Amino acid sequence: MDYCGGGCTGPSRAAGVPGSQPLGAQEKTKKEMTAKGSSGMEVILAALENMQDLQTVLNILCILNELVSVGGGNRVGVLVSKGGTAILLQLLLSASKDVPPSEELMLQLHSILAKVGPKDKKFGVKARVNGALNITVNLLKQNLQNQKLLLPCLQVLRVYSSNTVNAVSLGKNGVVELLFKIIGPYSKKNTSIQKVVLDTLTVLLKSKANSRRAVDRTYVPALLTIYQDWHRNDTRHRHAHIRKGILGCIRNVTNIKLGRKAFLDADGMRILYSTSTECLPVRTLDPLVNTSSLIMRKCFPKNRLPVPTIKSVFQYRLPHVPAEGPVAQLYRQPPEVDDVVDESDDNDDADTENDTENEEDDRDCCLQNDDIETDLNKLRPGEQASRTMEELRMYERFFSELSEDFQGYHFHGSSPCQTPSLPSKSLSRIVVPTAPDMTPSDSNLVQLECADRALDQRPGEGLEQALVRELGRVALDGGAAPNGQRPAAESEVEREDDCSSHSSGDQAVLEVPDTAALLPLHDPELYVEMVKDTRSVPQYSEVAYPDYFGHIAPTYREHIVERLYGVQRSKIFQDIERMIHPNDILDKVVYDLDLQSCPVVDDGECLKFNSLFESGNLRKAVQVRKFEYDLILNSDINSNHYHQWFYFEVSSMRAGTPYRFNIINCEKSNSQFNYGMQVLMYSVREAINGRPCWVRTGTDICYYKNHFSRSSIAAGGQKGKSYYTMTFTVTFQHKDDVCYFAYHYPYTYSTLKMHLQKLEALRTPQIYLRQDVLCETLGGNSCPLLTITAMPQSTSNDQICQFRNRPYVFLTARVHPGETNASWVMKGTLEFLMGTGPVAQSLREAYIFKIVPMLNPDGVVNGNHRCSLSGEDLNRQWQRPNPDLHPTIFHAKGLLQYLSALQRVPLVYCDYHGHSRKKNVFMYGCSIKETVWQTDVNATSSDLHEDLGYRTLPKILSQIAPAFSMASCSFVVEKSKESTARVVVWREIGVQKSYTMESTLCGCDQGKYKGLQIGTRELEEMGAQFCVALLRLKRLSSPLELRHASHFLEAEGDLIETSCRNTRAGAGCCTPTWALRGRRSADFSRGTPRPPSSQSSTTYVLKEDEPSFMEEVDYSAESDEETDPQENPGDEEHLSDSEAVQQHPFT
Ligand SMILES: [Zn+2]
């Protein structure tokens, strides 16, 4: 920047202030302006750089100061861009060499720098390089009483400090101590100085070294005392920014373990709790409450989850243990190892946990991008070592439709295909239900009687007791234990023995809803029959009332609930109160499966819990306050985690009192419970009153990280992790009701068996329906397989030929037990397929359906969320299913391999799932092209030659199914999904239209159901619409229309349309870049359309649609913590000030 060449001397004024400049300089200036297009700012800077005379320099600085003080940031921006920062810093350096330095000059320089600094991204680095840091610090030290100089110096220091390297360096030079001399108790004077000091200190304390220094100097209790003083005296809240500044310091000091300890030792919890409580009524003080809450959560000592082990309560010995993987680890773990908490969290990880929590989410995001399959060999169709035809011949018996000739069959007579009813293995005697002589023979109307009257309730006896007495608790005999295991809860067996004495009785006065009449596919007695054959590891002997009575979807709409402001905060405050007022906490265990004799506390002071029934999974209930319970869910069998699904019974409640329930061992970092989803409740009394419904219920619902520590064993090796709490509040309508709570509409394995039996009754002579048992599960349950198609119209050759040659559609569901919505969708599909309408008949004439409606019966029965009895996710076993450990997958795949060997690869494969983090219903499919687009792989055009037919079915669904959203669909093949049904059936079996259909657990944010939570009616409708879509697909791909150009062009259009939509909806960090960059082109002729724009994300689907957190109070606020540069000195050169400046919370 040699504007002047060093030759010019004498005073100079800016071009904008004419009149006092000597002619020589003016000439020169003019010359430069014409020569280089210089601006007035350049002229001023040039003059400044070369001026020697103090007074002139002061004059120029004075003008410069005025210039940058007005006109917004533009002039400062120009100053920075013209190299002004360095010139000013250089001036500062030379001025500092005068003894004593000119106070006026220093004042001017600092006051300009204070304005320039925040606009110059490199200011921190430049100041350090120019040696300016110490000049300012020394100046401060010598002028602590000089109010005039203090403020600009502090302002400059604040900018210096936002550079992390500078912060460490300043700390070493005693700046933390220096600043502590300035801050003080409440005073109306000099508040702007106080504010700057606090802001600077906050930034400095982001450095761990500085925080340690502050702890060593006992500044933590000092800060707390100062905070209290301001809180007490600032009664009109004029200085909330100063109070926030003090909290900012505390927040950053408590990022280190020593800081948290000092905070606790100084009674910080109590201080911040009480000050926050006093601030709560004043909405403008929310930032103080939120910051306080954040600090308290961080410092809250981690508690132990109150269980002896995180392994499942119920034991199931596997026939053999896999050599590797989590199950092997579980079996290898010595029994004495405490898997609930880590021996020590003295690991540095614990310190950084809070710092990294949100980065971790980012990392997940990035990992997702890494997760896209880039190995083209894994994207091309590939026969894995398939089984030989000899080995596959065992599946021939499941395909009798391919050989049946229907000779001797009278086409107007009864059905030819005898369905072997599922083999009854039960030898056990059913004990119950006594009551149900309850089907009114003359009418379909339900007889509704007041329960109190009908039930013959004894005085002082609750509904439960009455029901138990009358109904024999819908309990079954214990039965013979599979694998010779002993029943887990002897007490339960005894309990029902008591009841059984009533069961033979004649007291059938109980009127229960005739759900059999209301629900065509429901039959309580048949349900109990089915339960007798269901094998559970805990040997459940009871039946939950909702499964027994059945569920009728309510007729009213259930809206996605709007979360009230501050819910999470108030819940967290209640949690913090546990620590502050420990004597108010009852800590009374009221249900505990870990104890052999699960205690049933019945003192009238607490709720009663039960979960010992099919799909139940409550492990423990602890009464913490009079109307508040902590609940712990059981792990999946043979695993030590996976809790999300829940299903349990509550009784002995009061009416009209809000009860708070906290499920305290949730694992996922976020949940739809934060976005309007409610839990499901079923009231037995309501059922008896004619409303047998699961209803969405609960207020004050939220999901947040709690203070129960999660061991590294539970957290996949990561230390210092916590569980999450899902909390909801329910006010019961009836006293002494029996109520059930569930994560989603339960659908048990016994329910499936009952439905399948009832489906038989829907068979007409036009329907070909066969039910087989695909195989037995590990737990001894049968896995049903259905074949549905239309009967041939005659035995003519043509008809039989058409019958046998119908394309196959292969459907599966419920591989994940917690995704009960998948079963409801499947129910809709099955009922549609058994329908009598013309569409159903056309559909049956179009395809042969092979359906495995429940791929994981054992998981469903035993209340697992994710796994089978093998402790593994069955939807990660499709590549190499083990016939002993994963029989349903092994044989379902076998069926597909058999079809493939016969050259009868299905036209469509679809696996029904539920999605816990997204709204709507959508599909995942497989496309090489759409996968390659997301990566840097160089693919030849032959690799990219792909029929777009995989988009047709979801596209049709998006047109006809209101819950379905095309925008949420994805056709990318991820590495982590390489062993899922969808990918394996696509790649190995060669089914191009291979899908996972995901249904939301929460609700819809588009279409007809926008704003509503999803219910069984909508789910069943989805299953039916899927059938309708298949018929449309058939019509679109009929020989006449096949390869019809317009159809394909339409599909191309859709592709691009979707891409655009997703771009708009896409979340920043997850937007992948296109590998095949370049012109926007859609090369229809070669069938390889390109994405419409280089930053489009097409259908790459994120795990979550929702923003991370709703309330600012959440841990997201902890994300602005930084790593200490001292630990990585090498990073220094990469550090830019820009981020730090942008994040500066006070600018
Ligand atoms: Zn799933």
Side-chain angles (χ1 to χ4, degrees), residues 368 371 615 617 636 639 641-647 666-668 670-672 677 742-747 749 752 783 810-827 829 851-879 881 886 888-889 892-893 909-926 954 963-964 968-970 972-974 976-986 994-1002 1014 1019 1022-1023 1026 1101-1105:
Q368 284 211 312
D371 191 27
S615 297
N617 70 338
D636 284 7
S639 99
H641 63 133
Y642 300 110
H643 350 90
Q644 198 169 326
W645 163 257
F646 56 85
Y647 188 15
C666 300
E667 292 168 306
K668 289 212 168 185
N670 203 351
S671 163
Q672 282 290 327
M677 182 164 84
Y743 179 59
H744 198 70
Y745 303 91
Y747 190 104
Y749 169 64
L752 172 72
C783 178
F810 204 108
L811 306 177
T812 53
R814 204 75 190 279
V815 70
H816 292 143
E819 294 163 7
T820 55
N821 42 0
S823 279
W824 290 96
V825 176
M826 181 54 86
K827 179 172 183 277
T829 295
I851 301 174
V852 184
M854 194 173 275
L855 277 169
N856 189 357
D858 288 348
V860 171
V861 170
N862 293 296
N864 284 7
H865 175 69
R866 187 86 180 167
C867 300
S868 73
L869 285 189
S870 76
E872 293 161 299
D873 180 343
L874 287 182
N875 203 30
R876 294 292 183 278
Q877 311 302 328
W878 278 78
Q879 275 187 316
H886 326 114
T888 58
I889 305 302
K893 187 177 177 183
Y909 170 78
C910 189
D911 192 19
Y912 293 2
H913 283 252
H915 205 289
S916 67
R917 305 225 252 180
K918 295 184 66 157
K919 295 198 165 71
N920 309 314
V921 182
F922 52 94
M923 274 179 156
Y924 294 127
C926 304
F964 195 90
S968 304
C969 294
S970 166
V972 169
V973 180
E974 306 92 335
S976 63
K977 304 283 177 66
E978 68 171 2
S979 201
T980 59
R982 161 180 61 109
V983 176
V984 171
V985 172
W986 171 71
S994 176
Y995 306 102
T996 298
M997 186 160 76
E998 302 271 2
S999 301
T1000 180
L1001 292 154
C1002 174
I1014 201 123
L1019 292 167
M1022 188 62 232
F1026 183 82
V1101 167
L1102 309 173
K1103 250 196 181 138
E1104 296 179 55
D1105 280 343

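These numbers come from a predicted model, not from an experiment. All ligand and atom numbering here is 1-based and tracks the order in the structure.
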Listed once per pair and sorted, the salt bridge (Lys or Arg N to Asp or Glu O under 4.0 Å) pairs that draw on residues 851-860, sequence neighbours left out: none

Where the side chain of N821 meets the backbone of T1000, is there a donor-acceptor pair that is under 3.5 Å apart? yes

Regarding E872 and S870, is there a side-chain donor-to-acceptor distance under 3.5 Å anywhere? yes

Non-neighbouring partners of Y912 that pass ring-ring contact (aromatic ring centres under 6.0 Å, His included), sequence neighbours left out: F1026

Can you find a side-chain donor-acceptor pair between Y745 and S823 that sits under 3.5 Å? no

Can you sort out the partners of R866 under salt bridge (Lys or Arg N to Asp or Glu O under 4.0 Å), two or more places apart, ordered by chain and number? E819, D873

Residue and atom names of protein N/O/S atoms that fall under 2.8 Å from the Zn ion (ligand 1): H816 ND1, E819 OE1, E819 OE2, H913 ND1

